[in-house]
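What follows is one structure encoded as structure tokens, with my remarks underneath.
Chain letters run A, B, ... following the sequence lines, proteins first, then strands; residues in each count from 1. Please read these numbers as outputs of a predicted model, since none were measured by experiment.
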Number of protein chains: 2
Amino acid sequence: MEYQSTVTDHSGEGTVASVLADMRQTARRVRCSLPTGTSMLCGNARHREDRAADSEVIVGGAPSRDIWFIRSGILRLQCHAYDGRRQILSLFLPGEVVGFEGEFREGVSVETVTQSGLCRIDRRAFDAILNGNDELRAELFRQKQDQLDRLHWLTWSLGALSPDERFAAFLAMSTRFMPCDPLPDGTTILSMQLPRADIADLLGTTVETICRINRKLSESGVIEIKDPSHFRILDLKQLMALGQIEGGLDRMVRGIVERRSRLDDLMGPASGSAVCNCGS
Amino acid sequence: MEYQSTVTDHSGEGTVASVLADMRQTARRVRCSLPTGTSMLCGNARHREDRAADSEVIVGGAPSRDIWFIRSGILRLQCHAYDGRRQILSLFLPGEVVGFEGEFREGVSVETVTQSGLCRIDRRAFDAILNGNDELRAELFRQKQDQLDRLHWLTWSLGALSPDERFAAFLAMSTRFMPCDPLPDGTTILSMQLPRADIADLLGTTVETICRINRKLSESGVIEIKDPSHFRILDLKQLMALGQIEGGLDRMVRGIVERRSRLDDLMGPASGSAVCNCGS
DNA sequence: CGAAGTATTGACGGGCGTCAATATCAGTGG
DNA sequence: CCACTGATATTGACGCCCGTCAATACTTCG
């Protein structure tokens, strides 16, 4: 739970006026097609924090003045019961804003899954910016919608699908928001960023079951296991069919791809964001 | 899917100006403590629709100009796979506004569970009202938060709890948003508004399992089954313990109770809303 | 090299989904 | 009033998936 924090400068710069000035400056300086507000959010080094894996970002039930912008890495929204059972409710990805929607409930928290680059924003300053920036507000609205859609999928799959189906769907979707390398033969190497325990707690099952499903998939030729965190996707169609993804992958991961590419456009692919090079 | 609709008057009254006039009129006429916008929404008979059970209200994937205010009854948000599997993602209750948040995704739909009294509102008119009414906007924000919290609970319970535990928790929570009659001895008679199939599809299990759990609970003396839709709650504490509700019921059903009482204050308990007389 | 963390594989058993039969009730028409 | 029909709820029997426990590989630290 200890986190290595590299805040460069934090001396009372979070005021509305200064951040608005940032926005105007950054909007002039950066040439990119995304809402100026977003570029402001990650356009300078102030308020940045580099977090190790499994570091606590938001703890539910306690009022917080902070809003977070994810520059790189993956975060998880999770529930804990007192007896230790955990359920991951959602993943947050680069380009997304977390903590805007009032408080999280007690027992709910947000932690990093991987090492992550975050940007801390003062809530009042953010609200002020939001008031004057329709584009940013629209982007935030889209993000909330996307996150809600993902939560709907998870709820649906937990209630209606079997662990095999859920994992197959998760693998298929992962090719859109996790690092992967396309091979000349059309297959791709997926670099799984989540450890087994997180996959299991996200999909409502156990690490053993995940391993067994993994093996079954590789035996049936759908994937090939290079090493515990690298899968070669041999038959994406099959994977989607197993995962009951009828409407196409793009509908399932709406918003993620665009945000990722805009982010890379802004910060460069070397920034550590979860790059995915898979074709459509 | 046929619905009996009793729209009293629908002759082009959904304009911004007329609805705003309604709001001002209603705000003057009705004495109540809830946001004036909400009283406007149900304060007159226009745009009202009385729906039978299992009637389609919103079908996802298609843009709609309609927003719905629930005066009475229970609605369900659900997912359908092409093979027929269904998962109920959430219930909507009297006093809540549905359909405001952009579009629902394809495959997702909203239907009535019970006979319901709805009020149809034009989206643009609603937006216009929202712009000028901070109280209504705040109420809507609270509602979205409450609905998200409920979805979080469902996801959490589907992933981390067993069917027994989920059903116990659901029963306990039902005492706060479904009709129940308190008895002199401290127990209450809960009138279950959902048929078994809906309970099963909400809790991610089957009707048979629901029945078996029901019987187990009655054999262990936690509840008493009066008839298929009436349970006598003998030991609410035990029910909450089984359902892993540590933080108290009120946190789980936040917002529902207040909205219900305000609604009854406005429309009278005879309006058909799901009244719950249980003490706190 | 030892230790700790993570992933994998095997063995076992119960929970729960599936199928089928029956009970109960509401509505309809004779 | 009863027979018939359809919908819903309940109960039983069966079997397998998957959670639990345990042992073992594999990697990464010190």
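- Remark: P of D:dG19 and CG of B:L158 are 14 Å apart, rounded to the nearest angstrom.
- In this structure, A:D164 reaches the sugar-phosphate backbone alone: every heavy-atom distance under 4.0 Å involves primed, P, OP1 or OP2 atoms, never a base.
- No side-chain heavy atom of B:F69 sits less than 4.5 Å from a side-chain heavy atom of B:E96.
- Looking at the side chain of B:T206, the nearest of the listed nucleotides C:dC16, D:dA9, C:dT18 is C:dT18.
- Listed pair A:R215 / C:dT9 meets the phosphate criterion, a side-chain N or O lying under 4.0 Å from OP1 or OP2.
- In this structure, A:R212 reaches the bases: a heavy-atom distance under 4.0 Å links it to at least one base atom across the strands shown.
- Taking atom CG of residue A:D83 and atom P of nucleotide D:dT20, one finds them 11 Å apart after rounding to whole Å.
- Test A:R85, A:R86, A:R76 against A:D201 for salt bridge (charged side-chain N to carboxylate O under 4.0 Å, His left out) and you get one pass: A:R86.
- Atom CZ in B:F167 sits roughly 14 Å away from atom P in C:dG17 (whole-Å rounding).
- A side-chain N or O of B:E111 and one of B:Q78 form a donor-acceptor pair less than 3.5 Å apart.
- Using a 4.0 Å cut-off between a side-chain N of Lys or Arg and a carboxylate O of Asp or Glu, A:E208 and A:R212 do not qualify as a salt bridge.
- Look at A:T209 and you won't find any side-chain N or O under 4.0 angstrom from OP1 or OP2 of D:dC18.
- The CG-P distance, from A:N214 to D:dC18, rounds to 15 Å in whole Å.
- Here A:T205 reaches the OP1 or OP2 of D:dG19: one of its side-chain N or O atoms lies under 4.0 Å away.
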